[in-house]
Protein chains: 2
Amino acid sequence: MTRASSASSARECSIANALAVVGERWSLLVLREVLLGNVRFESIVANTGGSRDILTARLRTLVDAEVLERRLYDEHPRRYEYLPTEAGRALQPVLLALMDWGDRYVTQGPPPTVWEHACGEELHVTAVCAACGEPVGSGESRLLRLGGIDQPRTASLG
Amino acid sequence: MTRASSASSARECSIANALAVVGERWSLLVLREVLLGNVRFESIVANTGGSRDILTARLRTLVDAEVLERRLYDEHPRRYEYLPTEAGRALQPVLLALMDWGDRYVTQGPPPTVWEHACGEELHVTAVCAACGEPVGSGESRLLRLGGIDQPRTASLG
DNA sequence: CTCCTGAGTTGGATTCTCCAACCCGCTACC
DNA sequence: GGTAGCGGGTTGGAGAATCCAACTCAGGAG
């Protein structure tokens, strides 16, 4: 568990903190499956393609991080399922943003997976400023407070 | 390079494809720095806290994936910098979504890094449906087409 | 009694990551 | 002219994580 702990002088940042929880290989794919409703070990193994041992480990760290909850769904053949907690469900925007980026810049051909939003249209997400509602991404934001070092001269994140 | 290549029966999905490009450790932290304007090797090393050898490798894969562009900025002491391409800049919403999630569910205390949007308010992103503008995340979407196996009974991603 | 399923464990080989030290071309200083 | 420093990497070896296949274990089903 090489957590974000060591790293002497790295920037203190919630992106790094988030990645310390869900940044390991398979974690986000596990979350994709769980949010899709595939909450049992066997279907997570089948759909992610990860090996059983590391998926066991990932599921455990995600449960420890309270992103998933391990629930007994059958007493007698003791069987468990992994349900998303509130924190887990809150990762949906991250996954959708990643999917959109992958559709646009990585996947060849048409998007393999398409969602329909409640409004009836194909679902594509846009990130907007929570305050004013304008789309974010044109580089018109600046740093207010920065935890860490090396203040950049031009900040274009967002 | 254990790409998304092998994995016999995994779901075909742009989330997995995206993660094959930016899902390795340090990749997204490199992108954070580059988008912050810290585009030189030394400041990437300093601010991410990663070791020089793996950052060298990550930068190379990101350049190969056309997420970054390696540009000579000084001829005589031959020096390079890493600039985001369009695909790289398009990762901003992913990073902001991760940061928001980290602020909310991982980071203890106040957010270490705060951005100000052009509108004057602190920047927090919301993911909205590109078509209708409604926020996404309450689980009111369904699958239209699914690449892969194991159709879930209830789909709540988005 | 044997087979099957779900949910993991275990072992061994391979690969990745970490860290510190080193290198190379160039510039600045003394 | 020597040497110290910097930016941008490479290299080596130790330790950790990952992969894959095989195994376990408990509880049905036939």
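We use all heavy atoms of the structure for the numbers below, so side chains are in, but hydrogens, waters and symmetry mates are not. All chains are named by letter (A, B, ...) in the order of the sequence lines, taking the proteins before the strands, and each is independently numbered beginning at 1.
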- Message: Using a 4.0 Å heavy-atom cut-off, does D74(A) contact any base of the nucleic acid, only the sugar-phosphate backbone, or nothing at all?
- Response: nothing
- Whole-Å distance separating the CG atom of N47(A) from the P atom of dG6(C): 13 Å
- May I have the distance from F41(B) (atom CZ) to dG25(C) (atom C1'), rounded to whole angstrom? 16 Å
- Message: Which is more 5' along DNA chain D, the nucleotide nearest R79(A) or the one nearest G50(A)? Just name the residue.
- Response: G50(A)
- W101(B) and A18(A): which non-hydrogen atoms are nearest, and at how many Å? CE3-CB, 3.8 Å
- Task: Round to a whole Å and report the spacing from OH of Y80(A) to C1' of dA26(D).
- Result: 12 Å
- Message: When you compare the side chains of Y105(A) and E86(B), does any donor N or O come within less than 3.5 Å of an acceptor on the partner?
- Response: yes
- Of the nucleotides dG12(D), dT17(C), dT18(D), which one has an atom closest to the side chain of D53(B)? dG12(D)
- Query: Out of dT11(D), dC19(D), dG6(C), which has the shortest distance to the side chain of Y73(A)?
  - Reply: dG6(C)
- Query: Would you say a side-chain N or O of Y82(A) is under 4.0 Å from OP1 or OP2 of dG8(C)?
  - Reply: yes
- Task: Figure out the CZ/C1' separation between R52(A) and dG8(C), and round it to whole Å.
- Result: 7 Å
- Partner of R40(B) under side chain to side chain donor-acceptor pair (under 3.5 Å), picked from Y73(B), Y82(B), Y80(B), is Y73(B)
- Between CD1 of I54(B) and C1' of dA17(D) the distance, given in whole Å, is 13 Å
- Query: Can you find a side chain N or O atom of R70(A) that sits less than 4.0 Å from OP1 or OP2 on dG8(C)?
  - Reply: yes
- P77(B) side chain, from C-beta outward: closest of dG9(D), dC26(C), dC19(D): dC26(C)
- Query: Rounded to the Å, how far apart are E75(B) CD and dG8(D) C1'?
  - Reply: 16 Å
- Query: What's the CD1-C1' distance between I44(A) and dG8(C), to the nearest Å?
  - Reply: 13 Å
- Taking for each residue the nucleotide of DNA chain D bearing the nearest heavy atom, is the 5' side occupied by H76(A) or by L59(B)? L59(B)
- Query: When you check the phosphate oxygens OP1 and OP2 of dT10(D), does a side-chain N or O of R60(B) lie under 4.0 Å from one of them?
  - Reply: yes
- Message: I need the CZ-C1' distance between R78(A) and dC25(D), as an integer number of Å.
- Response: 14 Å
- Can you get from V21(B) to V34(B) by hopping between Ile, Leu, Val, Met, Phe, Trp and Tyr side chains that sit under 4.5 Å apart? yes
- Roughly how far apart are L96(B) CG and R32(B) CZ, rounded to 0.5 Å? 12.5 Å
- Task: For dT18(D), take OP1 and OP2 only and decide whether either is under 4.0 Å from a side-chain N or O of R58(A).
- Result: yes
